[in-house]
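Chain A is the first sequence line, chain B the second, and so forth, proteins listed ahead of strands; every chain is numbered from 1.
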Amino acid sequence: MLFVTFIGVTSLRKCCFIYHDVNKELHNDFARIDTVMMDKFLVNKRKLESADDFDENHHTKKYKQEANDYEALSIKTLIIRPLKWRDLRAENLDCDYGILFSKVNADRILCQCERMLNYNEGQLAKVKIFGKWHDIPRKQVAHGDPGLSYTFSNNTVPARPWTPFLDDIRDAVSDVTGHSFNFVLINRYKNGCDHMGEHRDDEKDLVHGYPIASLSLGQPRDFIFKHADSRGKKAKRSIEPLKLLLEHGSLLLMKHPTNTYWYHALPQRKRLLGVRINMTFRQMVPASNSGNKTTKPKAELP
DNA sequence: GTGTCTAACCGGT
DNA sequence: AACCGGTTAGACA
Ligand SMILES: [Mn+2]
């Protein structure tokens with residue numbers, strides 16, 4: 001018994017050592033870590049993260065930077081040209097998918113995310129569903145124009161102001177999609193256990209017909225579309241779900257009316273160890289003009 | 001082939 | 001857009 005405990009403590013120490021070591025490099029320069037080291041890190045990362053008393057902030061806080069210390073990467077100039085888009089089509093589903101950044105550049109941007117971004121805590125990180133409050137199984141924060149907020153499951157999340165870093169990314173996403181955005185929702189999935197259940201985005205805050213641009217960084221994850229008519233026991237119809245891998249440095253443009261007819265989800269993938277950060281850029285209806293009924297639908301954009 | 005174990009899936013709440 | 005419990009599918013020995 002004593003022996004087992006001793007081994008346990010020793011391996012945990014080693015585990016922490018590799019974790020700190022690689023974690024430090026991850027927050028400075030991805031390129032300096034080889035794949036063997038990275039694999040060890042990921043396994044140890046999962047061990048630590050699954051512990052009940054794991055405090056993620058403790059490990060990331062010391063690398064955080066002030067928003068104004070952002071050294072502009074000029075992200076727009078990093079986009080791979082010409083960009084190859086893949087068309088995703090199904091009944092009432094219309095999306096474009098493409099890889100915007102090489103691995104090296106996507107690594108850099110992810111690294112900046114880990115340094116620059118802070119996430120909501122406490123009540124803002126909770127939802128009420130079927131009468132019960134839960135912590136959301138991921139980290140989340142929203143940035144946007146003054147006065148905007150995002151509501152889901154009894155939770156209204158106010159947008160924080162734009163930062164130089166997020167402006168840089170927004171500029172790149174606008175450039176590549178031809179659309180402007182006044183809001184971004186950021187979700188951070190620390191490993192394959194973090195996830196998001198199936199849902200449609202609440203459209204009452206969104207400008208009708210406007211596309212949503214979803215930038216993925218880090219751990220590639222499955223993304224599932226399910227048609228509203230083919231869900232549940234009493235499904236009206238049988239429509240195959242669509243599965244899509246959202247890769248490191250990729251952009252998914254969800255165009256109207258995809259979100260009206262199709263649910264989407266980022267399911268658990270327990271064997272995946274890496275962190276994924278997703279940014280969904282949106283065009284929201286200003287609070288003073290909410291209701292969306294009075295908003296004239298925008299002319300269809302290219 | 002058969003048993004075991006885990007992750008994934010689905011419906012209920 | 002959450003968790004839980006029951007069921008199922010696939011990996012491995
Ligand atoms: Mn969504």
Side-chain angles (χ1 to χ4, degrees), chain A residues 39 42-43 45-47 49-52 54 56 90 93 95 119-142 144 148-159 183-206 212-214 216 219-246 252 254 257-282 284-285 290 292:
Chain A
D39 287 348
L42 287 173
V43 172
K45 171 175 177 291
R46 163 54 77 65
K47 274 190 211 161
E49 284 170 352
S50 56
D52 286 340
F54 178 72
E56 199 163 27
L93 181 146
C95 299
Y119 296 89
N120 291 333
E121 291 174 26
Q123 198 55 34
L124 287 182
K126 291 182 193 299
V127 290
K128 191 183 184 185
I129 294 167
F130 285 98
K132 280 184 183 159
W133 286 94
H134 304 277
D135 290 326
I136 56 173
R138 59 187 175 276
K139 286 189 169 183
Q140 190 174 69
V141 69
L148 295 180
S149 65
Y150 182 68
T151 301
F152 66 102
S153 301
N154 283 7
N155 195 1
T156 296
V157 180
F183 186 92
V184 61
L185 182 68
I186 304 172
N187 281 291
R188 182 184 186 274
Y189 306 85
K190 67 176 176 296
N191 57 39
C193 294
D194 277 2
H195 63 280
M196 177 148 49
E198 57 185 59
H199 69 283
R200 289 178 292 188
D201 291 352
D202 190 346
E203 292 185 337
K204 71 177 191 296
D205 298 333
L206 299 168
I212 295 171
S214 166
S216 295
Q219 176 67 63
R221 293 283 296 265
D222 283 337
F223 190 69
I224 313 290
F225 284 110
K226 262 184 207 167
H227 196 285
D229 290 349
S230 74
R231 296 171 71 251
K233 214 171 184 170
K234 291 176 279 184
K236 294 190 204 108
R237 310 166 54 194
S238 172
I239 303 170
E240 273 300 294
L242 246 72
K243 188 158 98 176
L244 174 67
L245 186 68
L246 298 180
L252 175 69
M254 284 178 53
T258 307
N259 185 62
T260 310
Y261 291 92
W262 293 75
Y263 284 68
H264 54 272
L266 190 92
Q268 266 193 347
R269 289 291 179 261
K270 293 192 176 189
R271 287 168 297 219
L272 299 181
L273 308 173
V275 63
R276 169 175 187 265
I277 293 177
N278 178 69
M279 300 187 181
T280 51
F281 290 86
R282 300 138 189 270
M284 309 276 286
V285 180
S290 84
N292 213 7

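- In this structure the side chain of A/His264 reaches within 4.5 angstrom of the side chain of A/Asp201, judged on heavy atoms.
- Regarding A/Lys233, its NZ atom lies at a distance of 14 Å from the C1' atom of B/dT13, rounded to whole Å.
- In this structure, A/Trp133 places its CH2 atom 17 Å from C1' of B/dT13, rounding to the nearest Å.
- Judged by distance alone, the side chains of A/Ser214 and A/Thr280 never bring a donor and an acceptor atom under 3.5 Å apart.
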Report task. List the steps and the verdict of side chain to side chain donor-acceptor pair (under 3.5 Å) for A/Ser238 and A/Ser230. Result -> CA-CA 5 Å; A/Ser238 172; A/Ser230 74; over 6 Å; no

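- At a threshold of 4.0 angstrom between heavy atoms, the contacts of A/Lys226 are confined to the sugar-phosphate backbone, with no base atom among them.
- With A/Arg282 as the fixed residue, the side-chain contact (heavy atoms from CB on, under 4.5 Å) test singles out one of A/Ile212, A/Leu148, A/Asp205: A/Ile212.
- In this structure, CG in A/Asn259 is found 4.5 Å from CE in A/Met254, a value given to the nearest 0.5 Å.
- Here the C1' atom of nucleotide B/dC9 and the CG atom of A/Leu266 are 15 Å apart, to the nearest Å.
- At the heavy-atom level, A/Gly131 lies nowhere under 4.0 Å from the strands shown.
- Listed by residue number, there are no residues of residues 268-280 of chain A with a heavy-atom contact under 4.0 Å to DNA chain C.
- Here the closest heavy-atom approach between residue A/Val275 and residue A/Lys45 is recorded as N-NZ, 4.1 Å.
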Under 3.5 Å, which N/O atoms of the protein pair with N/O atoms of nucleotides 1-5 of chain C?
{"from": "C/dA1", "atom 1": "OP1", "to": "A/Tyr150", "atom 2": "OH", "distance (Å)": "3.1"}
{"from": "C/dA1", "atom 1": "OP2", "to": "A/Arg138", "atom 2": "NH2", "distance (Å)": "3.0"}
{"from": "C/dA1", "atom 1": "O4'", "to": "A/Ser153", "atom 2": "OG", "distance (Å)": "3.3"}
{"from": "C/dA2", "atom 1": "OP1", "to": "A/Arg138", "atom 2": "NH1", "distance (Å)": "2.3"}
{"from": "C/dA2", "atom 1": "OP1", "to": "A/Arg138", "atom 2": "NH2", "distance (Å)": "3.1"}
{"from": "C/dA2", "atom 1": "OP2", "to": "A/Gly197", "atom 2": "N", "distance (Å)": "2.4"}
{"from": "C/dC3", "atom 1": "OP2", "to": "A/His195", "atom 2": "NE2", "distance (Å)": "3.2"}

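- No side-chain heavy atom of A/Phe225 sits under 4.5 Å from any side-chain heavy atom of A/Ile239.
- Relative to the axis of its first five pairs, the axis of the last five pairs of the helix from B/dT2-C/dA13 to B/dT13-C/dA2 sits at 10°, rounded to 10 degrees.
- Ion pair A/Lys226/A/Glu198 flagged as a salt bridge, since at least one NZ, NE, NH1 or NH2 atom sits closer than 4.0 Å to an Asp/Glu carboxylate oxygen.
- Contact annotation: the side chain of A/Tyr261 never approaches that of A/Asp229 to less than 4.5 Å [non-hydrogen atoms, C-beta and beyond].
- A pairwise comparison of heavy atoms in A/Ser216 and A/Arg276 identifies OG-NH2, 2.7 Å as the closest pair.
- Residues A/Met196 and A/Asn187 approach most closely at CE-ND2, 4.2 Å, considering heavy atoms.
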